[in-house]
Amino acid sequence: MDIIFYHPTFDTSFWIENLQKALPQARVRAWTPGDGNRADYALVWHPPVEMLSGRTTLKAVFALGAGVDSILSKLQQHPDMLPSGVPLYRLEDTGMALQMQEYAVSQVLHWFRRFDDYRAQKREAKWLPLEEYTRDTFTVGIMGAGVLGAKVAESLLHWGFPVRCWSRSRKHYPGVESFAGPEERDAFLQGTRVLINLLPNTPETTGIINTALLNKLADKAYVMNLARGVHLVEEDLLAALDRGKISAAMLDVFNQEPLPDSSPLWAHPRVDITPHIAAVTRPLEAIDYISKTILRLEKGEIPPGQVNLSRGY
């Protein structure tokens, strides 16, 4: 079989070498402009249109991350970019779930123990023990209950927090209260003290974290965005922080990346920022997943992880 690989920043030689080890029967090559030779599988991230269009021999395309935004957005402009019937797969875990758990749990505990408030007091050289929060009122709500959302919910349950999730369809995770669809979103938001966003990027979720949504959270709530920058209306969050509706925010993703120096998010004392590192692709784990999925496809099986193009995830 023939595999083509394209990623604008990954170490291409490392990936090709290890893919070749995992699939010794395959011929793996880096795709370069003008390469129209046969390919059975394509491994891509932000691929140029010409890389995929017209490739009728493709058996599958693998996005080298959990999101497929760049491919779907290009498909809207170039519907023939992905030949009809070719399945698109994304990396559902490959080490990302554990990273998301670490990130979310550490930040929820940071807020629960009021370390953000103590840090603010430190700037004023102020020695003042604060009233403790109680777990039963520190409800964590997770928007997006797929593989990553389920793992984050599971990890927070171990710390005794009430955990709820909201998604397109109802989920049945032990110990997690599930809400589904637009008609149950307000009920999900009511009483939520920590909002964690792990939604997929779809037209329906763009700008979903706005003034109307923030106003429905519990007073003095916290916001953590780990999904996509387009989900959050940054101006609305800043306004909610300034009027005290939202206590603090932890943001890993932004409408524009890298975040411009001029962004007011940098200077806001109640906003913490990380540079889109909440969960990154772990190469060896990703290669293991991709190689095993390819072998299953070669046997005629339908492995998990296929993207529903109409839903966008």
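Sequence positions, counted from 1, serve as the residue numbers for this chain.
When only modelled atom types and interatomic distance are considered, S53 and D80 share no side-chain donor-acceptor pair under 3.5 Å. Side-chain N/O atoms of R164 and T192 include a donor and acceptor closer than 3.5 Å.
In this structure, R135 is not positioned above the aromatic face of F138 in the sense of NZ or CZ being under 6.0 Å from the six-membered ring centre and within 45° of the axis.
Counting non-hydrogen atoms of other residues, nucleotides and ligands closer than 6.0 Å to CD of E301 gives a total above 12. Annotation for I277: atom CD1 counts as buried by contact number, over 12 foreign heavy atoms lying within 6.0 Å. Applying the 6.0 Å contact sphere to CZ of R113 captures no more than 12 heavy atoms from other residues, nucleotides or ligands. Residue-environment remark: CD (E184) exceeds the threshold of 12 foreign heavy atoms within 6.0 Å.
Residues R114 and P129 have side chains not in contact (no heavy-atom distance under 4.5 Å, counting atoms from C-beta outward). Contact of the L23 side chain with the L295 side chain is registered, since non-hydrogen atoms from C-beta on lie closer than 4.5 Å. Contact annotation: the side chain of T206 approaches that of N201 to within less than 4.5 Å [non-hydrogen atoms, C-beta and beyond].
The aromatic rings of Y222 and W111 lie parallel to each other, their planes meeting at an angle below 30°, with 60° marking the opposite boundary.
Within the model, atoms CD of E177 and OG1 of T139 stand 8.5 Å from one another, a figure rounded to the nearest 0.5 Å. One distance of note links CZ of F254 with CG of L232; it measures 9.0 Å at 0.5 Å rounding. The CG atom of L198 sits 5.5 Å away from the CE atom of M100 when rounded to the nearest 0.5 Å. Atom CG of L251 and atom CG of L259 lie 9.0 Å apart (nearest 0.5 Å). Atoms OH and CZ, from Y133 and F112 in turn, are 10.0 Å apart once rounded to the nearest 0.5 Å. Note that CE of M81 is 8.0 Å distant from OG of S73, once rounded to the nearest 0.5 Å.
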(request) Applying side-chain contact (heavy atoms from CB on, under 4.5 Å), run through L72 and L309 and close with a yes or a no. (result) CA-CA 8 Å; L72 296 182; L309 297 181; 3.8 Å; yes
(request) Determine, stepwise, if the pair T205 / R228 fulfils side-chain contact (heavy atoms from CB on, under 4.5 Å). (result) CA-CA 10 Å; T205 61; R228 287 292 182 267; over 6 Å; no
(request) Let me see the working for R270 and D117 under salt bridge (charged side-chain N to carboxylate O under 4.0 Å, His left out), right down to the final yes or no. (result) CA-CA 9 Å; R270 305 298 291 183; D117 294 318; 3.1 Å; yes
(request) Using the side-chain contact (heavy atoms from CB on, under 4.5 Å) rule, take I208 and R185 through it: C-alpha gap first, then chi angles, then the decisive distance, then the call. (result) CA-CA 11 Å; I208 193 170; R185 190 172 70 186; 3.3 Å; yes
(request) With side-chain contact (heavy atoms from CB on, under 4.5 Å) as the test, would you mind laying out the steps for T202 and R168 before giving the verdict? (result) CA-CA 12 Å; T202 69; R168 183 175 177 270; over 6 Å; no
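Side chain of D236 to backbone of T211: a donor-acceptor contact under 3.5 angstrom is found.
A pairwise comparison of heavy atoms in V68 and G312 identifies CG2-O, 3.8 Å as the closest pair. The nearest pair of heavy atoms linking L157 to G175 is CD2-O, 3.5 Å. The two residues T94 and R282 have their closest heavy-atom pair at O-CB, 3.7 Å.
Proximity of the aromatic rings of F5 and F10 is defined here by a centroid distance below 6.0 angstrom, and this criterion is not met.
Considering I196, L226, V147 in turn, I196 is the only one that fulfils the side-chain contact (heavy atoms from CB on, under 4.5 Å) rule with V152.
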